[in-house]
2 protein chains.
Amino acid sequence: MGATKTDHFTDKQNDIATLAKALGHPARVAILDYLLRVDACICGDIVNELPLAQATVSQHLRELKNAGLIKGSIEGNAICYCIDEKGFAKLQTYFNVVSTKMEKKKNKCC
Amino acid sequence: MGATKTDHFTDKQNDIATLAKALGHPARVAILDYLLRVDACICGDIVNELPLAQATVSQHLRELKNAGLIKGSIEGNAICYCIDEKGFAKLQTYFNVVSTKMEKKKNKCC
DNA sequence: TATCTTTATCGTAATATTGCAATATACAAT
DNA sequence: ATTGTATATTGCAATATTACGATAAAGATA
């Protein structure tokens with residue numbers, strides 16, 4: 001016990017949970033903010049933007065990449081990181097469905 | 001060390017992270033799915049819907065409530081749980097902002 | 001080649017999360 | 001008052017996450 005019981009839930013539920021979990025840390029939200037603020041891909045500059053050690057930032061970047069929220073490509077010495085629109089699209093779709101369902105429930109709720 | 005360095009990030013970043021983290025578990029996604037599927041508030045039926053012990057479900061419900069994604073009101077013997085639209089609205093606003101920013105970056109990216 | 005820069009990985013400590021049995025609480029109904 | 005039902009809390013074990021120093025890997029530059 002202690003480990004999440006992934007196989008008792010649907011793929012969709014696990015998918016959304018994985019994406020949301022990746023977003024569930026302020027450092028990772030900050031990384032995404034930065035990638036969105038600067039109007040291009042970021043090549044080797046992210047560590048200086050965060051109040052965390054290089055190893056920690058690298059770890060957070062890996063988690064964002066694994067979840068599909070960013071993608072990185074090697075560019076000589078540095079690595080260029082980008083928002084991965086696919087991951088965000090999945091979450092956005094989810095919230096659109098949720099919002100549609102909430103509309104329907106209007107006034108039927110406590 | 002090991003604890004999240006909350007105070008190094010903005011309130012907004014912490015806010016989004018907290019909400020996303022609450023969504024970051026398949027059981028909690030499943031609870032929200034259920035609340036949205038049934039076209040009303042749920043009074044005392046959630047435990048049976050999930051493949052988890054009652055204590056565990058109660059814990060997940062508390063986390064969703066703390067994050068502001070659901071709300072519960074006591075209804076005699078049972079407790080009625082509802083989607084809390086405010087929490088979802090915050091996340092939806094966030095994703096709308098993100099999507100607007102992504103639009104602007106079109107073709108400027110790797 | 002030697003060195004610098006950038007990013008990743010390993011090892012490890014501190015903390016948090018997950019899950020459950022047992023128990024407590026709160027109200028219903030008998 | 002006692003019993004039954006629904007939910008919460010407590011305590012604990014297993015596992016996961018967070019953070020960082022140290023070190024490795026890979027390309028750039030002198």
Side-chain angles (χ1 to χ4, degrees), chain A residues 1-9 13-14 17-31 34-35 41-67 69-82 110, chain B residues 1-9 13-14 17-31 34-35 41-67 69-82 110:
Chain A
M1 37 207 89
T4 297
K5 289 187 158 185
T6 312
D7 38 314
H8 291 319
F9 303 99
Q13 287 165 344
N14 282 311
T18 301
L19 284 161
K21 196 176 182 180
L23 205 65
H25 192 289
R28 295 195 286 268
V29 175
I31 289 172
Y34 184 55
L35 286 178
C41 298
I42 300 307
C43 301
D45 197 28
I46 295 178
V47 173
N48 305 317
E49 280 295 312
L50 292 178
L52 294 169
Q54 182 268 322
T56 309
V57 174
S58 181
Q59 212 170 233
H60 283 306
L61 286 168
R62 184 174 48 191
E63 277 185 64
L64 284 170
K65 202 163 66 176
N66 285 343
L69 288 171
I70 64 172
K71 48 190 172 179
S73 56
I74 298 163
E75 202 82 17
N77 201 4
I79 289 189
C80 292
Y81 278 110
C82 280
C110 37
Chain B
M1 37 208 86
T4 297
K5 289 187 157 183
T6 312
D7 38 314
H8 291 318
F9 302 100
Q13 287 166 345
N14 282 311
T18 302
L19 284 161
K21 196 174 182 179
L23 204 64
H25 191 289
R28 295 195 286 268
V29 175
I31 289 171
Y34 184 54
L35 286 177
C41 297
I42 300 308
C43 301
D45 196 27
I46 295 178
V47 174
N48 305 319
E49 279 295 311
L50 292 179
L52 295 169
Q54 182 267 325
T56 309
V57 174
S58 181
Q59 212 172 234
H60 284 305
L61 286 168
R62 183 171 50 187
E63 277 184 63
L64 285 171
K65 201 161 69 177
N66 286 343
L69 288 171
I70 64 172
K71 49 191 174 179
S73 57
I74 299 163
E75 202 81 15
N77 201 5
I79 289 189
C80 291
Y81 279 111
C82 280
C110 36

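- To the nearest angstrom, C1' of dA8(D) lies 11 Å from CG of L61(B).
- Glycosidic conformation of dA28(C) is syn; the angle stays within 90° of 0.
- The phosphate of dT17(D) has neither OP1 nor OP2 within less than 4.0 Å of any side-chain N or O from K21(B).
- The CG atom of N66(B) sits 13 Å away from the P atom of dT18(C) (whole-angstrom rounding).
- Residue contacts for E63(B): at a heavy-atom cut-off of 4.0 Å it reaches the sugar-phosphate backbone alone, with no base atom in range.
- Proximity of a side-chain donor or acceptor of S58(B) to a complementary backbone N or O of Q54(B) within less than 3.5 Å is not detected.
- Each of F9(A) and A55(A) was matched to the nucleotide of DNA chain C holding its nearest heavy atom; the match closer to the 5' end belongs to A55(A).
- Taking the six-membered ring where tryptophan is involved, the planes of H25(B) and H60(B) are tilted, since the angle between them lies from 30° to 60°.
- Under 3.5 Å, the side chain of Q54(A) and the base of dA8(C) form at least one donor-acceptor pair of N or O atoms.
- Within the structure, a side-chain polar atom (N or O) of T56(B) is placed less than 4.0 Å from OP1 or OP2 of dC20(C).
- Rounding to whole angstrom units, NE2 of residue H25(B) and P of dT15(D) are separated by 14 Å.
- In this structure, R62(A) does not reach the dT7(C) phosphate: none of its side-chain N or O atoms is under 4.0 Å from OP1 or OP2.
- Between dA8(D) and S58(B), a contact under 4.0 Å exists linking OP1 or OP2 to a side-chain N or O.
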Y34(A) and D45(A): CA distance, side-chain angles, deciding distance, side chain to side chain contact (heavy atoms under 4.5 Å, CB included) verdict: CA-CA 10 Å; Y34(A) 184 55; D45(A) 197 28; 2.7 Å; yes

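- Taking CG of L23(B) as the reference point, atom NZ of K21(A) lies at 12.5 Å (rounded to 0.5 Å).
- Counting atom types as modelled, Q59(A) pairs a side-chain N or O with a base atom of dA19(D) as donor and acceptor under 3.5 Å.
- Within the 4.0 Å cut-off from OP1 or OP2 of dT6(C), not a single side-chain nitrogen or oxygen of Y81(A) is found.
- Expressed to the nearest 0.5 Å, how far CG of L50(B) lies from NE2 of H8(A) amounts to 11.0 Å.
- Using Watson-Crick or G-U wobble geometry with both donor-acceptor distances under 3.5 Å, dT3(D) finds no partner in any strand shown.
- Distance, L52(B) CG to dT7(D) C1': 16 Å, rounded to whole Å.
- Note: I46(B) CD1 to I79(B) CD1 = 9.5 Å, rounded to the nearest 0.5 Å.
- Distance, I79(A) CD1 to dT5(C) P: 18 Å, rounded to whole Å.
- Applying the 4.0 Å criterion to OP1 and OP2 of dA19(D), one finds that H60(A) has a side-chain N or O inside that range.
- To the nearest angstrom, C1' of dT7(C) lies 13 Å from CG of D45(A).
- Across all strands shown, dA30(D) pairs with dT1(C); the Watson-Crick or G-U wobble distances both stay below 3.5 Å.
- Counting to the nearest Å, the P atom of dA8(D) and the CG atom of L64(B) are 12 Å from each other.
- If you check every strand for non-hydrogen atoms under 4.0 Å, A53(B) touches sugar and phosphate atoms only.
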